[in-house]
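Working notes, beginning with the structure itself.
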Amino acid sequence: MPYTQIINRAHPSAFVFVIDQSGSMSEQWGSSGMTKAEQVATIINRQLTNLSIRCTKGEGVRDYFDIAVIGYGRGVQPVLGGTLANRDLIPVSDIAQYPLRVEDRTKKIDDGAGGLIEQKVRFPVWMDPQAAGGTPMCAALEYARTILEPWINQHPDSHPPIVLHITDGESTDGDPVQPAQTLKNLRTNDGNVLVFNAHISASGGIAVEFPDSDAALSDVYSRTLFEMSSILPHGILVAANNSGHQLGDGARGFVYNADSANLINFLDIGTSTAAAMEADR
């Protein structure tokens, strides 16, 4: 069966986050008073923290994953800052060691009496929000291909990489279906590269999460993103159902009209590879 290769230091996997940073990402998103760019940056920074924690064992952070964060708007480029600037696929141990900075933030927690209190937390930051330019989606997907192709050649027996694409608009440099398909055609001996897409919206429309057909999608753009998205492998499908979904075979890694909660859920599921990491003692 595909997508079952154990992930360890000899056989790492990879995540590529591809983030729309076009001018429209400066729009307000939800009721938080933050822009889409600000909230997406916060969510990606949170995800990098979680991945670092997942790979931490007794002696430190083990390199179970290589990670790239690519932005597109005014061009296409890696967007992590500081020591990690201008690097594509980065071992997770370097991610953990070199945040751009660590901020003091607050989060609301249960006070034990039915209310909420604010608690200060230390929050690592690897990327800052950006919002400018057009939406060169095709170029961004092609960039992902150029960094994954040599990675796959170096790791032919690894669990295949997963590309997690976040956008709020239509491509401005052509039809993205073909570059997405080219990405999905890349494969290791354990299966094809997975491409998941999240469309975020400030419109307040009803979110469509992990559909198995495009019947509930109302426009050409949403159907295009659906076509670009991979079918969830069994292990990730199980993770989605364990998180409260009721999905069947054929569900795709695609969310449309996502709010921040939908996006967090999408990324949590998208990075929940079924392959075990515990075998690397």
Side-chain angles (χ1 to χ4, degrees), residues 7-22 25 34-107 120-133 136 139-155 158-159 161-166 263-264 267-268 270-271 273 277 280:
I7 295 171
N8 54 34
R9 285 171 286 189
H11 297 100
S13 191
F15 295 116
V16 179
F17 299 92
V18 180
I19 302 169
D20 184 346
Q21 296 184 318
S22 61
M25 293 290 284
M34 298 170 66
T35 66
K36 288 182 277 189
E38 289 168 339
Q39 289 210 56
V40 167
T42 294
I43 291 168
I44 293 295
N45 286 321
R46 168 193 176 274
Q47 200 68 41
L48 295 178
T49 296
N50 291 346
L51 287 170
S52 299
I53 292 170
R54 280 175 61 188
C55 295
T56 299
K57 302 297 181 182
E59 80 286 5
V61 180
R62 295 184 177 182
D63 285 326
Y64 294 137
F65 300 111
D66 293 322
I67 299 170
V69 186
I70 307 303
Y72 63 97
R74 285 182 176 166
V76 179
Q77 60 280 314
V79 295
L80 301 188
T83 302
L84 305 179
N86 301 314
R87 292 176 63 182
D88 291 323
L89 282 162
I90 304 169
V92 67
S93 61
D94 281 3
I95 297 279
Q97 185 174 358
Y98 299 115
L100 178 61
R101 61 183 180 275
V102 179
E103 297 181 351
D104 288 322
R105 297 195 181 184
T106 59
K107 69 175 183 178
K120 280 191 176 182
V121 295
R122 300 286 282 165
F123 187 81
V125 172
W126 287 269
M127 64 168 286
D128 286 317
Q130 298 181 46
L141 296 172
E142 171 61 16
Y143 191 102
R145 183 197 64 79
T146 65
I147 65 176
L148 285 180
E149 211 162 40
W151 188 95
I152 288 170
N153 289 336
Q154 294 167 12
H155 304 88
S158 286
H159 186 286
I162 299 175
V163 177
L164 299 123
H165 174 223
I166 303 168
L263 180 58
I264 290 169
L267 291 176
D268 286 346
T271 56
T273 51
M277 295 186 291
D280 187 17

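No experiment lies behind these values; they were computed from the predicted model shown.
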Less than 4.5 Å apart, any side-chain heavy atom of [X] and any of [Y]?
X	Y	result
Ile70	Val76	yes
Ile152	Pro161	yes
Ile90	Val69	no
Ile44	Leu267	yes
Phe123	Pro99	no

Would the number of heavy atoms belonging to other residues, nucleotides or ligands and lying under 6.0 Å from [atom1] of [X] be above 12?
X	atom1	answer
Tyr98	OH	no
Arg74	CZ	no
Asn153	CG	yes

Minimum heavy-atom separation for [X] and [Y], please, with both atom names.
X	Y	value
Val18	Ala144	CG2-CB, 4.4 Å
Ser158	Trp151	CB-CH2, 3.9 Å
Ala96	Val61	CB-CG2, 3.8 Å
Ala68	Ile147	CB-CD1, 3.9 Å
Gln130	Met25	O-CB, 4.5 Å
Gly73	Pro136	O-CD, 3.6 Å

Between [atom1] on residue [X] and [atom2] on residue [Y], distance to nearest 0.5 Å:
X	Y	atom1	atom2	answer
Leu263	Thr42	CG	OG1	11.0 Å
Arg122	Thr49	CZ	OG1	12.0 Å
Ile7	Arg54	CD1	CZ	7.5 Å
Trp126	Leu48	CH2	CG	5.5 Å
Gln97	Leu84	CD	CG	9.5 Å
Ser52	Phe65	OG	CZ	10.5 Å

Do side-chain atoms of Asp63 reach the backbone of Ser93 as a donor and acceptor pair under 3.5 angstrom?
yes
Is it true that a side-chain atom of Asn45 and a backbone atom of Met127 form a donor plus acceptor pair closer than 3.5 Å?
yes
Ring geometry between Phe17 and Phe15 (parallel below 30°, tilted from 30 to 60°, perpendicular above 60°):
tilted
What's the verdict on side chain to side chain contact (heavy atoms under 4.5 Å, CB included) for Lys57 and Tyr64, showing C-alpha distance, side-chain angles and the deciding distance?
CA-CA 11 Å; Lys57 302 297 181 182; Tyr64 294 137; 3.6 Å; yes
Check this for me: does any side-chain nitrogen of one of Arg87 and Asp66 sit under 4.0 Å from a carboxylate oxygen of the other?
no
Can you name the salt bridge (charged side-chain N to carboxylate O under 4.0 Å, His left out) partners of Asp268, sequence neighbours left out?
Arg46
Asn50: what forms a side chain to side chain donor-acceptor pair (under 3.5 Å) with it, not counting sequence neighbours?
none
Could you go through the side chain to side chain contact (heavy atoms under 4.5 Å, CB included) check for Asp20 and Val40 one step at a time?
CA-CA 9 Å; Asp20 184 346; Val40 167; over 6 Å; no
Under 6.0 Å between ring centres, would you say that holds for His165 and Tyr72?
yes
Might you work through the side chain to side chain contact (heavy atoms under 4.5 Å, CB included) test for Thr146 and Glu142, ending with a clear yes or no?
CA-CA 6 Å; Thr146 65; Glu142 171 61 16; 3.7 Å; yes
